[in-house]
Amino acid sequence: MHAIETDVLVVGAGPVGLAAAIELGSRGVKVLLIERNPRVGAAPRAKTTNVRTRSHLRRWGIAERLAAEAPFGVDYPNNMVFLTRLGAGGHELARFANAFNASPERDERYPEHAQWVPQYRLETVMLERVRELPGVEVRFETGFVTATQSDEGVTATLRTDADGEFEVRAKYLIGADGGRSAVRELIGAKLEGRHGLSHHYNIIFRAPGMSEAHGFGPAAIYWQIGKDGFSAVGPMDKGDLWFFNPGGAKPGTSLSKEDAAALIHERTGIDVPVEVVSADSWTASELLADKYAQGRILLAGDACHIHPPAGGYGMNMGVGDGVDLGWKIAAVLKGWGGQALIDSYEAERRPVHRAVIDEAMANYAIYVALPPPEIEEDSPRGEAIRAKVGAGVQASKAREFHTLGTVLGLCYGKSPVIADDGTPAPVHDSQIYSPSGHPGCLAPHAWLPDGRSLYDLFGQGFSLIVAEGVDGAEVDRAVGQAGRLSVPFTVVRPEGVDVERLYGAPLALVRPDQHVAWRGACWTDALAHATGLRDSVSAA
């Protein structure tokens, strides 16, 4: 059998691999996306698509498709309610409204609100977009066996039950194959950190009447802190589908459906018929790969970083990996990016991963404390315990549910393709996002007078944002350099936006991933540097 030829082989068709395939395929790159599983089932870990990921979906033209997939409507209140138990006799301890900025009201800081939606619905929307791209082929139930590489490309061996083993030749291989990544093992990357911090069950169940059986109002998650310990329960999808996540699992085990149903009744105190759909387990760990690449083989998502889900970062951070790798590999394959661009992937993403892991671990710390058993008592002692626990939750958990500073505010400060302008980098605050045009940071957002987002004006390649009154000769120099380098280039003159105030300079160069690459008053060789072509191109 002749080897299949493609530009990029992506191993893993979860949100990370799908993001990479969309970025590559939308730029005319030929992609083979494979997945060893059929990618079906009703046991998603991730349920929050954050404002950054939905902004990417807006670029891809599918944000509204995801909004239509919201099981309870996009205006369903994304509340986090802490209580002793959901059923009769339960006491509310604390409450957080509009967690993760999921309210659909317009916000000046970003173009898309977050969305509470099961991961499998997000995957469905992304896969639909992938299949609209003519150069992308998707093969499910296709496993990765091994690969070799040379200076010219990668030769991978794949396997299906029907066809046995076959070869694929590609210019690059992206390993988006999860926490047990075979691609990671192939390149000898090691996960460093702590494994087995705690063990939890992930139970999906159907329970008609569950929503009407309690009096705490609608919420995305009801966090139960009772005498039996900590657990989370909440509505997940249409058809009375709910999830239940208690701790105390034994590593590598799962519950029988009968035991899972009994545990749901015990912890919630709600006696309605329960049909358990699935009951598996998961382990919380804090792990980061010691390297992200070897030659033309690169890692993304859980293949190179794993942490507890506290804060909803994991899947969203993996989508960001796919975006970063996708546009950079496409630039190199299309001739307007140099090797330094691909080398910048680890330099940019690994510090972000480290910062997010630290944030997730800080959020995770509160989960391990077992409250006094009297917390559920209707007594002065119980009331005092609930007041103390509730105050502690209210004071400590805001950083998990209102964390826009981490979602939007982490910058690529040490990137080899970002032009430092010598000004102080913005100070990071996990909760407070202060938009900054400092090179490496996410481009500050603004709404235009006609209702469009500033981001809507950016092109597929690099975009130059120009303030009113800038000398046209500076813009001409930038356009000329883009032409010589064959870089896709868009000039953006946003009416009604004070560019210099927003970006700190009259000119700002924005990358395809919406991060600022350079800013200044006079054009330099910024584009040659930002594309990794500096060594082969003289200054404009």
Side-chain angles (χ1 to χ4, degrees), residues 6-10 16-33 56 59-60 133-136 151-154 170-174 176 292-293 295-300 319-349 412 415-419 439-440 442-443 455 458-465 478-492 508-518 524-538 540:
T6 192
D7 291 329
V8 181
L9 172 63
V10 180
V16 181
L18 290 167
I22 293 172
E23 288 292 333
L24 290 159
S26 63
R27 292 174 169 81
V29 174
K30 191 175 180 181
V31 179
L32 175 59
L33 175 64
H56 289 309
R59 284 195 302 113
W60 300 331
L133 300 170
V136 182
D151 291 342
E152 286 73 40
V154 179
K171 300 294 192 305
Y172 292 93
L173 187 157
I174 297 175
Y292 286 17
R296 292 173 174 266
I297 302 175
L298 304 104
L299 305 176
V319 169
D321 298 345
V323 168
D324 194 273
L325 265 183
W327 80 262
K328 289 175 178 177
I329 290 175
V332 172
L333 291 176
K334 292 299 180 179
W336 53 271
Q339 180 61 38
L341 198 58
I342 293 179
D343 293 342
S344 73
Y345 167 66
E346 181 173 340
E348 291 182 353
R349 296 301 292 172
Y412 298 144
S415 171
V417 292
I418 296 292
L442 183 66
Y455 288 7
F458 298 164
Q460 274 276 68
F462 279 78
S463 300
L464 181 67
I465 306 178
V479 171
Q481 187 180 51
R484 290 191 296 277
L485 298 177
S486 300
V487 176
F489 196 73
T490 302
V491 176
V492 177
L509 182 66
V510 177
R511 310 190 318 182
D513 60 0
Q514 300 172 341
H515 280 259
V516 177
W518 168 91
T524 62
D525 63 343
L527 203 55
H529 179 71
T531 55
L533 294 171
R534 174 186 287 276
D535 292 342
S536 59
V537 178
S538 60

CA sep, side-chain torsions, deciding dist, call: V10, L32, side-chain contact (heavy atoms from CB on, under 4.5 Å)
CA-CA 6 Å; V10 180; L32 175 59; over 6 Å; no

Are any non-hydrogen side-chain atoms of [X] and [Y] less than 4.5 angstrom apart?
{"X": "W327", "Y": "L341", "answer": "yes"}
{"X": "Q460", "Y": "P512", "answer": "no"}
{"X": "Q339", "Y": "V332", "answer": "no"}
{"X": "W336", "Y": "L485", "answer": "no"}
{"X": "Y412", "Y": "R349", "answer": "yes"}
{"X": "V417", "Y": "E348", "answer": "yes"}

Main chain of [Y], side chain of [X]: is a donor-acceptor contact present, judged purely on distance under 3.5 Å?
{"X": "D321", "Y": "A300", "value": "no"}
{"X": "S344", "Y": "S415", "value": "no"}
{"X": "E346", "Y": "Y292", "value": "yes"}
{"X": "R296", "Y": "D151", "value": "yes"}
{"X": "Y172", "Y": "V154", "value": "no"}
{"X": "H529", "Y": "R534", "value": "no"}

Return the [atom1] to [atom2] distance between [X] and [Y], rounded to the nearest 0.5 Å.
{"X": "D7", "Y": "L24", "atom1": "CG", "atom2": "CG", "result": "8.5 Å"}
{"X": "I174", "Y": "L9", "atom1": "CD1", "atom2": "CG", "result": "9.0 Å"}
{"X": "K328", "Y": "L298", "atom1": "NZ", "atom2": "CG", "result": "10.5 Å"}

Are R511 and D324 close enough, and set up right, to give a side-chain contact (heavy atoms from CB on, under 4.5 Å), and what steps lead you there?
CA-CA 10 Å; R511 310 190 318 182; D324 194 273; 3.8 Å; yes

One pair to check against side-chain contact (heavy atoms from CB on, under 4.5 Å): H56 and I22. What are the steps and the verdict?
CA-CA 10 Å; H56 289 309; I22 293 172; over 6 Å; no

Report yes or no: do W60 and E23 form a side-chain donor-acceptor pair below 3.5 Å?
yes

Nearest heavy atoms of [X] and [Y], plus distance in Å:
{"X": "A530", "Y": "L509", "result": "CB-CD2, 4.2 Å"}
{"X": "R27", "Y": "K334", "result": "O-CE, 3.2 Å"}
{"X": "G459", "Y": "T490", "result": "CA-OG1, 3.5 Å"}
{"X": "H515", "Y": "L442", "result": "ND1-N, 3.6 Å"}
{"X": "A19", "Y": "V319", "result": "CB-O, 3.8 Å"}
{"X": "P439", "Y": "A517", "result": "CB-O, 4.2 Å"}

Can D513 and R59 be counted as an ion pair, charged N to O under 4.0 angstrom?
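Salt bridge absent between D513 and R59.
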
Let's go through I329 and Y345 carefully: what are the C-alpha distance in whole Å and the side-chain angles of both, what is the deciding distance for side-chain contact (heavy atoms from CB on, under 4.5 Å) to 0.1 Å, and is it a yes or a no?
CA-CA 10 Å; I329 290 175; Y345 167 66; over 6 Å; no

Sole candidate of F458, Y455, F462 that passes side-chain contact (heavy atoms from CB on, under 4.5 Å) when paired with V510
F458

